[in-house]
Number of protein chains: 2
Amino acid sequence: MSDAADQIFATLKHQAQSGAPLYLQLRKSIEDAVNRGLIGPGDALPSERDIATKADISRVTVRKAVQDLVKGGILVQRHGSGTFVAPRMERVEQSLSRLTSFTEDMARRGMAVRSAWLDRGLYAPSPDEMMVLGLSSSELVARVARLRIANDTPLAIERASLSASVLPDPADIGSSLYAALELTGNRPVRAVQRISAANLGDSDARLLEVPPGIAGLHIERISYLASGKVIEFTRSIYRGDAYDFVAELRLTGPSEEGRP
Amino acid sequence: MSDAADQIFATLKHQAQSGAPLYLQLRKSIEDAVNRGLIGPGDALPSERDIATKADISRVTVRKAVQDLVKGGILVQRHGSGTFVAPRMERVEQSLSRLTSFTEDMARRGMAVRSAWLDRGLYAPSPDEMMVLGLSSSELVARVARLRIANDTPLAIERASLSASVLPDPADIGSSLYAALELTGNRPVRAVQRISAANLGDSDARLLEVPPGIAGLHIERISYLASGKVIEFTRSIYRGDAYDFVAELRLTGPSEEGRP
DNA sequence: CCAGAACAATACCAAAAAAATACCACTTGT
DNA sequence: ACAAGTGGTATTTTTTTGGTATTGTTCTGG
């Protein structure tokens, strides 16, 4: 039981010289212990008095730190009972891959899917692309843009940019960009995706066959190789009225009393 | 904490020979540190006394430099509290894996967060709610609605519906709905979330202080108990121009994702 | 040279945050 | 019912923060 507590105090002592306010040091120690999984959701913290005694600070100071974390939803307190780590939402992993796979997702809904090419070619990189893909102005960028269509209704515009070195001939892409990358041995292992909302511009709205100004989902994805290098940079625009992104979240349960 | 400070002093020493007035040198140093992003919006500067001591100049001189920047809107001072880099309106992002911790997430960016209650009460359930929550028409539904505000800018509207049996008194919710549920022993273990885009209606736009018709992110979340029963049903609307949802994806991993 | 302005330093004031003390109220196990 | 242990709260003291008035010092222009 005290191993979790000791972890808190260990990191606490470690930053004792920092000069920062005591309650901030303690708050960080507890936060770290939670984020590192040393104390899991549902686990009890040592009592405020215990922490105060062991850390040799006043209980009110301990309380200040704890209350901050309670306000932030990280801890939960029960009067007369104790202080516990609050449950936390975590994304379940299978849903992640589902986020990327447009074709699969549509097929699951029984929709006939096809794509129309808007663009496939090599260009001089834009400043944006140079920055993100790490290109010099003398290198070329491969741009692949297509319109995603389900049941004869245009649903999304996808515009991908890649270094020409990994996709020398954009025209020979089959149905899957990732399959083409696989062939050249450039397989992304990680991607970061931003989802935001924006009103559709005139040209995009025309392609998606909706009135301009309608809300659309704007998704920007940056894919990384195992080496950490950026390989792909995709900006997609989805019709807001016709597509939902579904994420399944899992709330971590109380950790078993056994050792992790 | 001293890394930001050191950056200030580094550039300060660098121009020490310039012969320019001390307060101008210092002002430029601070200004550069801010513009280069070494110290971001919301970050605290070292105290006037700290700067004075470390730079070996009088506190009043430090003050002269700081006040210039305050007048220019670059810094903000709070009596008894400290000097801070003025907040800029920028797009905020939230990771999909931490959807529940709005407060924590914002606080980490140095934004002053608060919520305004729009509604907390018990009502007869709407057909929607009866369907999703599995209520009969004789049961009551607890509705909790709030406006999420960061730096005095409204960012999101959250409307949650729960069975009154799990939240008999909606008025006593603290900052975290999940914390309140934890207290009553109703712990959700799973949630499904849909993200879509929609144009904001008049009333929502008014609450978020944007023109009607602007694109917003519409998020619908249904949380389940371990028993499979639906416990919570939340509809959130985020300002599309001020909020990003970020998801980190792992692609096609034969990797055995072990321990986070 | 000498005003006058800009600059810089000293000393003290006021507000806020941080920390400590003492006491209250709820929960739990016997 | 009780006692021990828990979090909850009010109040005070100390420390740290920015705010201000005053004085000395240096540069500048006539």
Side-chain angles (χ1 to χ4, degrees), chain A residues 1-2 4-5 12 15-16 18-30 42-71 74-86, chain B residues 1-2 4-5 12 15-16 18-30 42-71 74-86 107 110 112 169 172 174-176 179-180 182-185:
Chain A
M1 159 100 39
S2 70
L12 212 179
Q15 53 180 338
S18 75
L22 291 177
Y23 84 97
L24 280 182
Q25 297 179 29
L26 178 58
R27 188 176 81 185
K28 188 171 186 314
S29 296
I30 298 176
D43 287 355
L45 256 66
S47 77
E48 294 177 349
R49 285 175 179 82
D50 276 6
I51 297 179
T53 309
K54 289 204 188 180
D56 197 31
I57 53 184
S58 161
R59 197 192 128 209
V60 187
T61 306
V62 173
R63 198 166 165 69
K64 170 74 172 152
V66 170
Q67 294 251 326
D68 276 9
L69 296 174
V70 169
K71 234 176 291 179
I74 297 180
L75 298 179
V76 178
Q77 287 190 305
R78 276 199 286 260
H79 192 169
S81 177
T83 305
F84 307 86
V85 178
Chain B
M1 68 158 64
S2 67
L12 211 179
Q15 53 181 334
S18 74
L22 290 178
Y23 83 99
L24 279 182
Q25 297 179 28
L26 178 58
R27 189 176 79 184
K28 188 171 186 316
S29 296
I30 298 176
D43 287 355
L45 257 65
S47 76
E48 294 178 348
R49 284 175 179 83
D50 276 7
I51 298 179
T53 308
K54 289 203 185 177
D56 197 33
I57 53 183
S58 161
R59 199 193 127 210
V60 186
T61 305
V62 173
R63 198 167 166 69
K64 171 70 173 154
V66 170
Q67 294 247 327
D68 277 8
L69 296 175
V70 169
K71 240 173 287 181
I74 297 181
L75 299 180
V76 176
Q77 286 190 306
R78 282 201 294 264
H79 191 172
S81 177
T83 305
F84 307 86
V85 178
D169 189 2
D172 69 356
S175 56
S176 168
E182 167 79 14
L183 291 178
T184 61

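Letters go in sequence order (proteins before strands), and every chain restarts at 1. Side chains included, hydrogens not; waters and symmetry mates left out as well; all remaining heavy atoms used.
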Considering only side-chain heavy atoms of [X], which listed nucleotide, [options], is closest?
| X | options | value |
| --- | --- | --- |
| A/L22 | C/dA19, C/dA9, D/dG7 | C/dA19 |
| A/V60 | D/dG7, D/dA10, D/dG19 | D/dA10 |
| B/H79 | D/dG8, D/dG18, C/dC7 | D/dG18 |
| A/R59 | D/dT20, C/dT21, D/dG8 | D/dG8 |
| A/R49 | C/dA8, C/dC23, C/dC13 | C/dC23 |
| B/R63 | D/dT20, C/dA9, C/dT21 | D/dT20 |
| A/S81 | C/dT27, C/dT10, D/dG19 | C/dT27 |

Checklist entry - At what distance, to the nearest 0.5 angstrom, does NZ of A/K64 lie from CG of A/L24? => result 8.5 Å

In whole angstrom, give the distance that lies between atom [atom1] of [X] and atom [atom2] of [N].
| X | N | atom1 | atom2 | result |
| --- | --- | --- | --- | --- |
| B/Q77 | C/dA14 | CD | P | 18 Å |
| A/D68 | C/dA17 | CG | P | 12 Å |
| B/D50 | D/dG18 | CG | C1' | 13 Å |
| A/F84 | D/dT6 | CZ | P | 11 Å |
| A/K64 | D/dT13 | NZ | P | 21 Å |
| A/L45 | D/dG5 | CG | P | 19 Å |
| B/Y23 | C/dA9 | OH | C1' | 16 Å |
| A/E48 | D/dG8 | CD | P | 6 Å |

I want to check one thing: is the phosphate of [N], taken as OP1 and OP2, less than 4.0 Å away from some side-chain N or O of [X]?
| X | N | result |
| --- | --- | --- |
| B/T83 | D/dG18 | yes |
| A/T61 | C/dA20 | yes |
| A/Q67 | D/dG8 | yes |

Checklist entry - Looking at B/E48 and B/V62, what are the two nearest heavy atoms and their distance? => result O-CG1, 4.0 Å

Checklist entry - Contact class for B/R78 vs. all strands (heavy atom < 4.0 Å): base, sugar-phosphate, or nothing? => result sugar-phosphate

